[in-house]
Amino acid sequence: MIENSGVVIWFTGLPSSGKTTLAIHLRTVLEQYGKKVILLDGDQLRTGLCADLGFSEKDRTENIRRAAEVARLFCGEGYVVLATFITPFATDRAHARKIVGTERFREVFVQCSLATCEKRDVKGLYRKAREGVLHDFTGIDSPYEVPAQADLVISTDQASLKESVDVLSKEVLKFLT
Ligand SMILES: Nc1ncnc2c1ncn2[C@@H]1O[C@H](COP(=O)(O)OP(=O)(O)O)[C@@H](O)[C@H]1O
Ligand SMILES: [Mg+2]
């Protein structure tokens with residue numbers, strides 16, 4: 001890796017699996033090590049840059065393409081980019097890796113059973129999807145393709161938040177040195 005270049009840590013996982021929570025905690029740790037960090041979150045992008053997109057397969061692909069392009073720009077400026085997007089399709093994850101450049105990209109699969117994610121239901125969207133009010137919801141009526149070759153797997157239904165953040169921080173710091 002080129003010295004002082006940025007990197008992109010791409011979190012993928014079901015809604016409520018823990019992507020945003022892990023990234024927020026990781027950011028705190030990395031900042032303590034003096035790293036320049038930016039958090040790029042799916043919810044943020046969908047209210048602005050990607051507000052014109054929906055949840056069809058085509059729109060999800062475009063959503064990820066834009067996110068990866070933004071990540072690439074910050075990466076080029078030396079940031080550690082923490083990108084948190086469901087990214088349900090393997091081809092989109094591969095495309096994001098290609099856009100950023102494989103040397104600077106690490107995929108973190110935030111693994112959590114659908115049952116636990118649904119129990120957490122952080123934003124109440126699983127309930128809406130089950131009620132049929134919300135359509136094309138990942139895990140319910142839109143697929144999530146489980147990553148076969150993630151660089152790191154964090155199982156948030158097996159470990160506490162603290163344990164998960166510790167493992168994640170250790171691995172990411174290793175990648176940065
Ligand atoms: N080990 C863990 N890692 C991350 N989150 C966890 C863990 N255990 C429980 N949680 C909880 O799961 C929820 C995950 O929500 P969130 O981070 O918003 O998910 P996502 O961004 O993937 O939709 C939070 O309420 C968080 O406190
Ligand atoms: Mg989130």
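All heavy atoms count here, side chains included; hydrogens, waters and symmetry mates do not. Values in this document were obtained by computation on a predicted structure and should not be read as measured data. Numbering of ligands and ligand atoms starts at 1, following listing order. Here, residue 1 is the first one in the sequence, and each next residue gets the next number.
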**Q** Consider ligand 1: state whether an atom of it lies below 4.0 angstrom from any non-hydrogen atom of Ser16.
**A**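 Ser16 counts as a contact of ligand 1 under the 4.0 Å cut-off.
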**Q** Hey, which of Thr12, Val108, Asp41, Thr84 is the one that makes side chain to side chain contact (heavy atoms under 4.5 Å, CB included) with Lys19?
**A**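 Between Lys19 and the candidates, side chain to side chain contact (heavy atoms under 4.5 Å, CB included) is satisfied uniquely by Thr84.
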**Q** Measuring from the heavy atoms of Ile154, does anything fall under 4.0 Å of ligand 1?
**A**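 Contact check Ile154 vs ligand 1: negative.
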**Q** Taking Val172's backbone N and O only, do any of them form a donor-acceptor pair with Arg106's side chain (distance below 3.5 Å, no angle check)?
**A** no
**Q** What is the closest protein heavy atom to atom 2 (C) of ligand 1, and at what distance does it sit?
**A** Thr156 CB, 3.5 Å
**Q** Among all protein heavy atoms, pick out the one at the shortest distance from atom 22 (O) of ligand 1; state its residue, atom name and that distance to 0.1 Å.
**A** Lys19 NZ, 2.7 Å
**Q** Tell me whether Glu171 is salt-bridged to Lys174, with the criterion being a basic N under 4.0 Å from an acidic carboxylate O.
**A**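 Yes, charged N to carboxylate O under 4.0 Å.
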**Q** Are the aromatic rings of Phe11 and Phe85 close, with centres under 6.0 Å apart?
**A**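 Ring centroids of Phe11 and Phe85 are no less than 6.0 Å from each other.
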**Q** Any salt bridge between Arg65 and Asp59, counting N to O under 4.0 Å?
**A** no
**Q** For Glu118 and Ala115, indicate whether the former's side chain and the latter's backbone hold a donor-acceptor pair under 3.5 Å.
**A** no
**Q** For Leu14, counting its heavy atoms only, list the atoms of ligand 1 lying under 4.0 Å from any of them.
**A**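 So the answer, numbered in order with elements, is 22 (O).
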**Q** Looking only at protein heavy atoms, which one is nearest to atom 9 (C) of ligand 1, and how far off is it?
**A** Arg120 NH2, 3.4 Å
**Q** Thinking salt bridges, do Lys35 and Glu31 make one under a 4.0 Å N-O criterion?
**A**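 Judged by the 4.0 Å cut-off on N to carboxylate O distance, Lys35 and Glu31 do not form a salt bridge.
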**Q** Within ligand 1, which atoms have a heavy atom of Ser160 less than 4.0 Å away?
**A** 1 (N)
**Q** When you measure from atom 17 (O) of ligand 1 to every protein heavy atom, which one gives the shortest distance, and what is it?
**A** Thr21 OG1, 2.4 Å
**Q** Quick check: does Thr21 have an N/O/S atom under 2.8 Å of the Mg ion (ligand 2)?
**A** no
**Q** For residues Arg60 and Leu53, determine if any side-chain heavy atom of one lies less than 4.5 Å from a side-chain heavy atom of the other.
**A** no
**Q** Treat each ILVMFWY residue as a node, draw an edge where side-chain heavy atoms are under 4.5 Å apart, and state whether Phe55 and Val122 are in one component.
**A**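 In one cluster: no.
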**Q** Among all protein heavy atoms, pick the one closest to atom 21 (O) of ligand 1 and tell me residue, atom and distance.
**A** Thr20 OG1, 2.8 Å
**Q** When you measure from the side chain of Arg120 to the backbone of Ser17, do you find a donor-acceptor pair of N or O atoms at a distance under 3.5 Å?
**A**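 Yes; at least one donor-acceptor contact below 3.5 Å.
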**Q** Ignoring hydrogens, just give me the one of Leu22, Thr84, Val122 whose non-hydrogen atom is nearest atom 18 (O) of ligand 1.
**A**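 Heavy atom nearest to atom 18 (O) of ligand 1 belongs to Val122.
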**Q** Counting non-hydrogen protein atoms only, what is the nearest one to atom 19 (O) of ligand 1? Give residue, atom name and distance.
**A** Gly18 N, 3.2 Å
**Q** Ala159 heavy atoms, cut-off 4.0 Å: which ligand 1 atoms fall inside?
**A** 1 (N)
**Q** Tell me which protein heavy atom sits closest to atom 4 (C) of ligand 1, plus the residue, atom name and distance to 0.1 Å.
**A**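 That would be Leu161 CD1, 3.5 Å.
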**Q** Do any N/O atoms on Pro15 end up under 3.5 angstrom from N/O atoms on ligand 1?
**A**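 No, there is no polar N/O contact under 3.5 Å.
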**Q** Please confirm whether Lys123 comes within less than 3.5 Å of ligand 1 when only nitrogen or oxygen atoms on both sides are compared.
**A**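 Lys123 vs ligand 1: no N/O contact under 3.5 Å.
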